[in-house]
Amino acid sequence: MNQDDLKRMVGKAALDYVEPDSVIGVGTGSTVNCFIEALVHSRMRIESAVSSSEATTKLLQAAGIRVVDLNQTGGLDVYIDGADEFDQHRRLIKGGGGALTREKIVAAASRKFVCIADESKQVGVLGKFPLPVEVIPLARSLVARKMVALGGQPQWRENFTSDNGNWILDIHNLDLVDPVAMEKAINNLPGVVTCGLFAIRPADLVLIATNEGIRIS
Ligand code: 5RP
C-alpha cells in the first residue's frame, strides 16, 4: 500500500469514533481530507462540524456539512485530526499545514481527540519534523532569536500567512526530550500565538495505518 492508501484506510477507520447526529471537530490536512471523504461516502448524518481551518471549512461545506462556530457549541464529543509526528505517549507535532492554532483550540474543546496517521509519522523522540510556531508578524525576529537561545534553528515560512493573519517559524533541531516543558517555554514567549507541540494535551488515541491494518495507540 502506498501512503495515500494508508491515509484513506485510517480516514475511514476514524468513522468508528463518530456518533450519528453529533457535533464534531474536524482538523486539517490530507489525512483529514480522507476522513471527510469517508464521512460523506458513509452517508452518516452528523448535526454539524467545527472546523480548524478555512481549507477544511470549504471542503465540509462543499460536501453539504454544516460548519458552526465554536462559540455556538458547547464542548465537542470528538475531534479528528492528523499529525506530522507522534510518539508512544500520543504527543504530537502539528502545523505542517499551518493550522496549528485553531487545531489546538478545537482539540482543547473536545472530550476525545482521535489522531489519524500512517506509521511513517511515528518517532521515538519528537523533533525530526521542524516544529511550527505561529507568531504575531511584529514579533518574528524577536521570537526567532529566543528560539535560537532555546537551541533551535528557526526558518521563516515565507509567503505563508495563517488563517489568523500571522506568520509561521519552522524550528529545526530542537531538543524535544521533554515536550511538555518545551511547549510551555515556547508558548510563554511574547509574540508567540502557539507552537505545534501537542504534549500538554496529547491525543487520546492514535489510529495508525500500517500495511497490516489499523493499530491503535
Ligand atoms: C495541519 C496539520 C496536519 O494535521 C499535519 O500537517 C498532517 O497533515 P497530513 O495529513 O497532510 O500529512 O497539523 O496544520
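Order of listing sets the numbers, starting from 1, for every ligand and every atom in it. In this chain, numbering begins with 1 at the start of the sequence shown.
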Do D5 and R8 meet the salt-bridge criterion of a basic N to acidic O distance under 4.0 Å? yes

Output the set of protein residues with a heavy-atom contact under 4.0 Å to ligand 1, ordered first by chain identifier and then by residue number. K7, T28, G29, S30, T31, D81, G82, A83, D84, K94, G95, G96, G97, G98, A99, E103, K121

Set of residues satisfying ring pair (Phe, Tyr, Trp, His ring centres under 6.0 Å) with respect to F86, sequence neighbours excluded: none

So, K104 and E134, do they make that salt bridge, N to O below 4.0 Å? no

Could you label the plane-to-plane angle of the F113 and F198 rings as parallel, tilted or perpendicular, counting under 30° as parallel and over 60° as perpendicular? perpendicular

Do you know the tightest heavy-atom contact between V23 and V68? CG1-CG2, 4.3 Å

With a 4.0 Å cut-off, would you call K121 and D84 a salt bridge? no

